[in-house]
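Presented below is the structure to which this report refers.
Quick note: residue numbers are just sequence positions, from 1.
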Amino acid sequence: MTRVGIVGAGNVAARHADVLSGFPDVTIAGIADTDPHRAEALASKHGSPAYGGHADLLSAGGLDAVYVCVPPFAHGNPEHDVLSCNLPLFVEKPLSLDLQTAEKIATEIERRSLPSAVGHHWRYLDIVEQARDLLSGRPVRLALGHWLDKVPPVGWWLNREMSGGQIVEQAVHVLDLARLLVGEVEMVHAVPAGDSVDGEVDRATSAVMRFAGGASGLLATSCLLTRKHRVGLEVCAEGIALELSETRLLVDGERAIEDDGRAKTRVDREFINAVQGRPADVRVPYGEALRTHRVALALARSATERRPVTLHD
(Lines give C-alpha, C1' and ligand atoms only; values in the text may rest on other atoms or scores of the structure.)
Protein backbone atom coordinates (compact mmCIF):
# COMPACT_ATOMS: atom_id res chain seq x y z
CA MET A 1 0.00 0.00 0.00
CA THR A 2 1.42 3.40 -1.05
CA ARG A 3 1.00 6.01 1.68
CA VAL A 4 0.49 9.54 0.35
CA GLY A 5 0.54 12.80 2.29
CA ILE A 6 -1.16 15.92 0.96
CA VAL A 7 -0.04 19.47 1.73
CA GLY A 8 -2.97 21.84 1.21
CA ALA A 9 -6.67 21.18 1.62
CA GLY A 10 -8.27 23.43 -1.00
CA ASN A 11 -10.34 22.42 -4.01
CA VAL A 12 -7.48 21.00 -6.06
CA ALA A 13 -6.14 19.02 -3.10
CA ALA A 14 -9.64 17.66 -2.52
CA ARG A 15 -9.84 16.54 -6.14
CA HIS A 16 -6.55 14.67 -5.89
CA ALA A 17 -7.66 13.14 -2.59
CA ASP A 18 -10.84 11.84 -4.21
CA VAL A 19 -8.90 10.30 -7.10
CA LEU A 20 -6.18 8.80 -4.91
CA SER A 21 -8.66 7.33 -2.44
CA GLY A 22 -10.24 5.48 -5.37
CA PHE A 23 -7.02 3.56 -6.06
CA PRO A 24 -7.00 0.21 -4.21
CA ASP A 25 -3.22 0.38 -3.67
CA VAL A 26 -3.12 3.92 -2.19
CA THR A 27 -4.02 5.27 1.22
CA ILE A 28 -4.06 8.95 2.21
CA ALA A 29 -1.79 8.99 5.25
CA GLY A 30 -2.36 12.59 6.27
CA ILE A 31 -3.48 16.04 5.16
CA ALA A 32 -1.87 19.31 6.24
CA ASP A 33 -3.14 22.87 5.89
CA THR A 34 -2.44 26.13 7.67
CA ASP A 35 -6.22 26.35 8.15
CA PRO A 36 -6.81 23.53 10.69
CA HIS A 37 -10.56 23.44 10.08
CA ARG A 38 -10.09 22.90 6.37
CA ALA A 39 -7.43 20.23 6.98
CA GLU A 40 -9.71 18.44 9.43
CA ALA A 41 -12.70 18.56 7.07
CA LEU A 42 -10.82 16.96 4.18
CA ALA A 43 -8.91 14.52 6.38
CA SER A 44 -12.06 13.26 8.09
CA LYS A 45 -13.65 12.58 4.70
CA HIS A 46 -10.79 10.20 3.89
CA GLY A 47 -10.23 8.76 7.34
CA SER A 48 -6.84 10.41 7.65
CA PRO A 49 -5.13 12.44 10.38
CA ALA A 50 -5.05 16.22 9.95
CA TYR A 51 -2.00 18.41 10.56
CA GLY A 52 -1.61 22.16 10.99
CA GLY A 53 1.38 22.37 8.67
CA HIS A 54 3.53 20.32 6.33
CA ALA A 55 6.33 20.00 8.90
CA ASP A 56 4.03 18.12 11.26
CA LEU A 57 2.88 15.85 8.43
CA LEU A 58 6.46 15.01 7.52
CA SER A 59 7.50 14.53 11.14
CA ALA A 60 4.77 11.93 11.59
CA GLY A 61 6.64 9.81 9.04
CA GLY A 62 5.50 6.71 7.21
CA LEU A 63 5.01 8.45 3.85
CA ASP A 64 5.89 7.11 0.41
CA ALA A 65 5.11 10.33 -1.53
CA VAL A 66 3.72 13.82 -0.99
CA TYR A 67 1.38 16.03 -3.01
CA VAL A 68 1.96 19.79 -2.63
CA CYS A 69 -1.27 21.59 -3.52
CA VAL A 70 -0.77 25.10 -2.14
CA PRO A 71 -1.42 28.62 -3.52
CA PRO A 72 1.31 30.11 -5.74
CA PHE A 73 2.81 32.24 -2.95
CA ALA A 74 3.22 29.22 -0.62
CA HIS A 75 5.53 27.15 -2.85
CA GLY A 76 9.14 26.63 -1.87
CA ASN A 77 9.48 25.50 1.74
CA PRO A 78 7.02 22.58 1.46
CA GLU A 79 8.82 21.17 -1.58
CA HIS A 80 12.29 21.54 -0.07
CA ASP A 81 11.19 19.91 3.19
CA VAL A 82 9.58 17.00 1.32
CA LEU A 83 12.74 16.50 -0.73
CA SER A 84 14.91 16.65 2.39
CA CYS A 85 12.96 13.57 3.50
CA ASN A 86 13.89 11.94 0.17
CA LEU A 87 10.25 11.55 -0.85
CA PRO A 88 8.78 11.60 -4.39
CA LEU A 89 6.94 14.83 -5.07
CA PHE A 90 3.79 15.80 -6.96
CA VAL A 91 3.33 19.58 -7.28
CA GLU A 92 0.26 21.44 -8.44
CA LYS A 93 0.82 24.34 -10.84
CA PRO A 94 1.93 27.05 -10.88
CA LEU A 95 5.33 26.00 -9.56
CA SER A 96 6.11 29.30 -7.82
CA LEU A 97 5.89 33.07 -8.12
CA ASP A 98 9.53 33.45 -9.10
CA LEU A 99 11.92 31.45 -11.25
CA GLN A 100 14.63 31.00 -8.62
CA THR A 101 12.35 29.04 -6.28
CA ALA A 102 11.33 26.61 -9.00
CA GLU A 103 14.89 26.27 -10.33
CA LYS A 104 16.19 25.28 -6.88
CA ILE A 105 13.46 22.67 -6.47
CA ALA A 106 14.18 21.24 -9.92
CA THR A 107 17.89 21.01 -9.12
CA GLU A 108 17.21 19.17 -5.86
CA ILE A 109 14.83 16.69 -7.51
CA GLU A 110 17.46 15.92 -10.13
CA ARG A 111 20.23 15.64 -7.54
CA ARG A 112 18.23 13.11 -5.55
CA SER A 113 16.90 11.26 -8.67
CA LEU A 114 13.39 11.24 -7.20
CA PRO A 115 10.15 10.65 -9.11
CA SER A 116 8.25 13.89 -9.65
CA ALA A 117 5.18 15.13 -11.48
CA VAL A 118 3.26 18.38 -11.94
CA GLY A 119 -0.49 18.67 -12.38
CA HIS A 120 -0.58 19.60 -16.07
CA HIS A 121 -3.35 17.07 -16.59
CA TRP A 122 -4.20 18.41 -20.06
CA ARG A 123 -1.25 16.35 -21.32
CA TYR A 124 -3.30 13.27 -20.43
CA LEU A 125 -6.39 14.25 -22.45
CA ASP A 126 -7.31 11.52 -24.91
CA ILE A 127 -8.05 14.21 -27.50
CA VAL A 128 -4.51 15.61 -27.19
CA GLU A 129 -3.13 12.28 -28.38
CA GLN A 130 -5.55 12.40 -31.30
CA ALA A 131 -4.49 15.96 -32.11
CA ARG A 132 -0.83 14.93 -32.16
CA ASP A 133 -1.67 12.09 -34.56
CA LEU A 134 -3.54 14.48 -36.87
CA LEU A 135 -0.60 16.91 -36.84
CA SER A 136 1.99 14.21 -37.55
CA GLY A 137 4.28 15.42 -40.34
CA ARG A 138 2.54 18.81 -40.44
CA PRO A 139 4.31 21.40 -38.29
CA VAL A 140 2.06 23.99 -36.67
CA ARG A 141 2.54 27.48 -38.10
CA LEU A 142 -0.04 29.41 -36.03
CA ALA A 143 -1.25 28.95 -32.45
CA LEU A 144 -4.08 30.89 -30.78
CA GLY A 145 -4.52 30.43 -27.04
CA HIS A 146 -7.40 31.71 -24.90
CA TRP A 147 -8.31 31.87 -21.23
CA LEU A 148 -11.40 34.07 -20.98
CA ASP A 149 -12.97 33.49 -17.59
CA LYS A 150 -14.10 34.91 -14.25
CA VAL A 151 -12.11 35.70 -11.11
CA PRO A 152 -11.77 32.45 -9.09
CA PRO A 153 -13.48 32.53 -5.68
CA VAL A 154 -10.33 32.65 -3.53
CA GLY A 155 -9.28 35.77 -1.66
CA TRP A 156 -5.63 35.81 -2.75
CA TRP A 157 -6.19 35.48 -6.50
CA LEU A 158 -6.52 39.18 -7.43
CA ASN A 159 -3.33 40.06 -5.55
CA ARG A 160 -0.48 39.91 -8.06
CA GLU A 161 2.06 39.25 -5.28
CA MET A 162 0.11 36.16 -4.19
CA SER A 163 -1.18 34.61 -7.43
CA GLY A 164 1.34 35.79 -10.01
CA GLY A 165 -1.48 36.86 -12.33
CA GLN A 166 -3.83 35.04 -14.68
CA ILE A 167 -1.20 33.86 -17.16
CA VAL A 168 0.93 32.25 -14.44
CA GLU A 169 -1.97 30.87 -12.40
CA GLN A 170 -4.42 29.77 -15.11
CA ALA A 171 -3.25 30.12 -18.70
CA VAL A 172 -0.11 28.09 -17.94
CA HIS A 173 -2.23 25.05 -18.94
CA VAL A 174 -2.67 26.51 -22.44
CA LEU A 175 1.02 27.38 -22.64
CA ASP A 176 1.97 23.82 -21.69
CA LEU A 177 -0.27 22.46 -24.44
CA ALA A 178 1.26 24.92 -26.94
CA ARG A 179 4.75 23.73 -26.06
CA LEU A 180 3.62 20.14 -26.64
CA LEU A 181 1.93 20.74 -29.99
CA VAL A 182 3.99 23.63 -31.40
CA GLY A 183 7.39 23.58 -29.69
CA GLU A 184 9.54 25.80 -27.50
CA VAL A 185 8.89 29.54 -27.24
CA GLU A 186 11.71 31.96 -28.11
CA MET A 187 10.15 35.38 -27.57
CA VAL A 188 7.04 36.85 -25.97
CA HIS A 189 5.52 40.31 -25.92
CA ALA A 190 2.52 40.78 -23.65
CA VAL A 191 0.35 43.90 -23.60
CA PRO A 192 -1.95 44.34 -20.58
CA ALA A 193 -5.14 46.37 -20.61
CA GLY A 194 -4.50 49.88 -19.35
CA ASP A 195 -7.03 50.00 -16.51
CA SER A 196 -5.44 47.71 -13.91
CA VAL A 197 -5.34 48.70 -10.25
CA ASP A 198 -1.89 48.84 -8.62
CA GLY A 199 -1.02 45.54 -6.99
CA GLU A 200 -3.86 43.67 -8.67
CA VAL A 201 -3.66 41.26 -11.59
CA ASP A 202 -4.30 42.52 -15.10
CA ARG A 203 -7.96 41.99 -16.03
CA ALA A 204 -7.06 41.45 -19.69
CA THR A 205 -3.83 40.74 -21.56
CA SER A 206 -2.94 39.94 -25.15
CA ALA A 207 0.42 38.57 -26.22
CA VAL A 208 2.45 37.62 -29.26
CA MET A 209 4.73 34.58 -29.11
CA ARG A 210 7.46 33.38 -31.46
CA PHE A 211 8.24 29.68 -31.45
CA ALA A 212 11.67 28.20 -32.14
CA GLY A 213 10.36 26.22 -35.10
CA GLY A 214 9.14 29.37 -36.84
CA ALA A 215 5.49 29.34 -35.77
CA SER A 216 3.82 32.47 -34.45
CA GLY A 217 1.34 32.54 -31.63
CA LEU A 218 -1.21 34.71 -29.87
CA LEU A 219 -2.49 34.45 -26.31
CA ALA A 220 -5.54 36.28 -24.95
CA THR A 221 -6.50 36.22 -21.27
CA SER A 222 -9.24 37.94 -19.31
CA CYS A 223 -10.90 37.54 -15.91
CA LEU A 224 -13.58 40.18 -16.56
CA LEU A 225 -16.41 37.73 -17.16
CA THR A 226 -19.02 36.07 -14.95
CA ARG A 227 -18.29 32.52 -16.12
CA LYS A 228 -15.78 30.53 -18.11
CA HIS A 229 -16.32 31.63 -21.71
CA ARG A 230 -13.45 30.28 -23.77
CA VAL A 231 -10.46 28.27 -22.63
CA GLY A 232 -8.24 26.35 -25.01
CA LEU A 233 -5.83 26.34 -27.91
CA GLU A 234 -6.31 26.55 -31.68
CA VAL A 235 -3.54 25.48 -34.03
CA CYS A 236 -3.21 25.76 -37.80
CA ALA A 237 -0.93 23.56 -39.91
CA GLU A 238 -0.83 22.76 -43.61
CA GLY A 239 -4.37 21.75 -44.57
CA ILE A 240 -5.76 21.42 -41.04
CA ALA A 241 -7.12 23.52 -38.16
CA LEU A 242 -7.61 22.05 -34.69
CA GLU A 243 -9.32 23.58 -31.67
CA LEU A 244 -8.76 21.97 -28.29
CA SER A 245 -10.48 22.59 -24.99
CA GLU A 246 -10.39 20.45 -21.85
CA THR A 247 -13.35 18.45 -23.11
CA ARG A 248 -13.39 18.53 -26.92
CA LEU A 249 -11.31 18.50 -30.10
CA LEU A 250 -12.80 20.28 -33.11
CA VAL A 251 -11.26 19.37 -36.47
CA ASP A 252 -11.55 21.95 -39.27
CA GLY A 253 -14.50 23.55 -37.49
CA GLU A 254 -16.70 20.58 -38.39
CA ARG A 255 -15.85 17.25 -36.75
CA ALA A 256 -16.09 17.23 -32.95
CA ILE A 257 -14.36 14.57 -30.84
CA GLU A 258 -15.25 14.42 -27.14
CA ASP A 259 -12.56 13.62 -24.59
CA ASP A 260 -12.96 10.51 -22.46
CA GLY A 261 -12.82 12.55 -19.24
CA ARG A 262 -10.12 10.47 -17.54
CA ALA A 263 -7.14 12.84 -17.67
CA LYS A 264 -7.36 13.83 -13.99
CA THR A 265 -7.29 10.17 -13.01
CA ARG A 266 -4.42 9.31 -15.34
CA VAL A 267 -2.13 12.06 -14.06
CA ASP A 268 -2.37 10.66 -10.52
CA ARG A 269 -2.21 7.00 -11.54
CA GLU A 270 0.98 7.41 -13.54
CA PHE A 271 2.72 9.28 -10.71
CA ILE A 272 1.76 6.55 -8.26
CA ASN A 273 3.08 3.96 -10.71
CA ALA A 274 6.40 5.83 -10.75
CA VAL A 275 6.48 5.97 -6.93
CA GLN A 276 5.91 2.22 -6.85
CA GLY A 277 8.75 1.61 -9.30
CA ARG A 278 6.40 0.28 -11.96
CA PRO A 279 6.37 1.30 -15.64
CA ALA A 280 4.95 4.83 -15.63
CA ASP A 281 3.92 7.40 -18.22
CA VAL A 282 4.71 10.59 -16.29
CA ARG A 283 4.32 13.19 -19.03
CA VAL A 284 5.22 16.29 -17.01
CA PRO A 285 7.95 15.70 -14.45
CA TYR A 286 9.02 18.81 -12.56
CA GLY A 287 11.81 19.70 -14.98
CA GLU A 288 9.42 19.66 -17.95
CA ALA A 289 6.88 21.81 -16.09
CA LEU A 290 9.68 24.27 -15.34
CA ARG A 291 10.09 24.92 -19.08
CA THR A 292 6.43 25.90 -19.31
CA HIS A 293 6.70 27.96 -16.13
CA ARG A 294 9.55 29.96 -17.66
CA VAL A 295 7.28 30.93 -20.56
CA ALA A 296 4.49 32.02 -18.19
CA LEU A 297 6.89 34.10 -16.10
CA ALA A 298 8.38 35.66 -19.23
CA LEU A 299 4.90 36.72 -20.33
CA ALA A 300 4.16 38.17 -16.89
CA ARG A 301 7.46 40.04 -16.95
CA SER A 302 6.81 41.35 -20.45
CA ALA A 303 3.41 42.70 -19.37
CA THR A 304 4.96 44.41 -16.34
CA GLU A 305 7.95 45.88 -18.16
CA ARG A 306 6.00 46.77 -21.31
CA ARG A 307 8.56 45.24 -23.65
CA PRO A 308 9.36 41.97 -25.48
CA VAL A 309 11.18 39.27 -23.48
CA THR A 310 13.45 36.66 -25.03
CA LEU A 311 13.73 33.21 -23.49
CA HIS A 312 17.09 31.47 -23.25
CA ASP A 313 17.60 27.75 -22.65
Side-chain angles (χ1 to χ4, degrees), residues 6-13 32-35 53-55 66-84 89-109 116-120 145 147 149 151-176 179 185 188-190 192-193 196-205 207 209 219 221-223 284-307 309-312:
I6 299 177
V7 180
N11 292 336
V12 175
D33 196 284
T34 53
D35 181 338
H54 72 272
V66 176
Y67 275 61
V68 174
C69 306
V70 298
F73 61 87
H75 284 286
N77 287 337
E79 288 92 338
H80 284 297
D81 290 346
V82 169
L83 294 173
S84 71
L89 178 66
F90 186 109
V91 179
E92 260 304 334
K93 42 59 63 184
L95 301 183
S96 62
L97 290 178
D98 64 287
L99 192 55
Q100 185 180 36
T101 296
E103 296 273 11
K104 287 181 176 178
I105 293 167
T107 298
E108 189 65 10
I109 290 170
S116 68
V118 172
H120 283 298
W147 200 293
D149 204 345
V151 173
V154 286
W156 47 262
W157 198 87
L158 278 175
N159 185 333
R160 187 194 307 275
E161 297 300 315
M162 299 180 82
S163 71
Q166 188 175 17
I167 291 174
V168 170
E169 210 283 320
Q170 287 183 326
V172 67
H173 278 304
V174 173
L175 294 173
D176 189 65
R179 283 190 55 244
V185 177
V188 299
H189 189 184
S196 295
V197 177
D198 282 349
E200 290 196 355
V201 304
D202 296 314
R203 297 303 205 277
T205 305
M209 300 180 289
L219 177 69
T221 65
S222 178
C223 56
V284 191
Y286 195 95
E288 172 66 8
L290 179 57
R291 298 178 77 87
T292 297
H293 191 52
R294 288 190 187 114
V295 179
L297 290 178
L299 282 158
R301 180 179 158 202
S302 175
T304 299
E305 297 181 0
R306 304 294 202 271
R307 65 176 184 86
V309 170
T310 301
L311 287 97
H312 303 284

pair [X]-[Y]: side-chain heavy atoms closer than 4.5 Å:
X: R203; Y: P192; result: no
X: V70; Y: H75; result: yes
X: R307; Y: R301; result: yes
X: V154; Y: P71; result: no
X: M209; Y: H189; result: no
X: V284; Y: R291; result: no
X: E79; Y: V7; result: no
X: H293; Y: V168; result: yes

For atom [atom1] of [X], decide whether the heavy atoms of other residues, nucleotides or ligands shown that lie under 6.0 angstrom number more than 12.
X: E305; atom1: CD; result: yes
X: N11; atom1: CG; result: no
X: E161; atom1: CD; result: no

Please report the closest heavy-atom contact between [X] and [Y], naming both atoms and the distance.
X: V91; Y: L95; answer: CG1-CD2, 4.2 Å
X: A102; Y: S96; answer: CB-OG, 3.5 Å
X: V201; Y: C223; answer: CG2-SG, 4.4 Å

Next item on the list: Show the numbers, then the answer: is there a side chain to side chain contact (heavy atoms under 4.5 Å, CB included) between V185 and R294?
Entry: CA-CA 10 Å; V185 177; R294 288 190 187 114; over 6 Å; no
Next item on the list: Take V82 and H54, measure what side chain to side chain contact (heavy atoms under 4.5 Å, CB included) needs, and give me the verdict at the end.
Entry: CA-CA 9 Å; V82 169; H54 72 272; 5.7 Å; no
Could you grab the distance from atom [atom1] of [X] to atom [atom2] of [Y], nearest 0.5 Å is fine?
X: I167; Y: L219; atom1: CD1; atom2: CG; answer: 5.5 Å
X: I105; Y: L89; atom1: CD1; atom2: CG; answer: 7.5 Å
X: H80; Y: T101; atom1: NE2; atom2: OG1; answer: 6.5 Å
X: T107; Y: K104; atom1: OG1; atom2: NZ; answer: 9.5 Å

Next item on the list: Measure up the F90 and Y67 rings against each other and bin them: parallel (under 30°), tilted (30 to 60°), perpendicular (over 60°).
Entry: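 Because their plane-to-plane angle is under 30°, the rings of F90 and Y67 count as parallel.
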Margin query: Does the plane of the ring in H173 sit parallel, tilted or perpendicular to the ring in W147? Use 30° and 60° as the thresholds.
Written below: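 Ring orientation of H173 relative to W147: parallel.
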Item checked: salt_bridge(R179, E288) N-O dist < 4.0 Å ->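 Answer for the salt bridge query: yes.
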Next item on the list: Begin with the C-alpha distance, continue with both residues' side-chain angles, and end with the deciding distance and a verdict on side chain to side chain contact (heavy atoms under 4.5 Å, CB included) for Q170 and T221.
Entry: CA-CA 9 Å; Q170 287 183 326; T221 65; over 6 Å; no
Next item on the list: With side chain to side chain contact (heavy atoms under 4.5 Å, CB included) as the test, would you mind laying out the steps for L297 and L97 before giving the verdict?
Entry: CA-CA 8 Å; L297 290 178; L97 290 178; over 6 Å; no
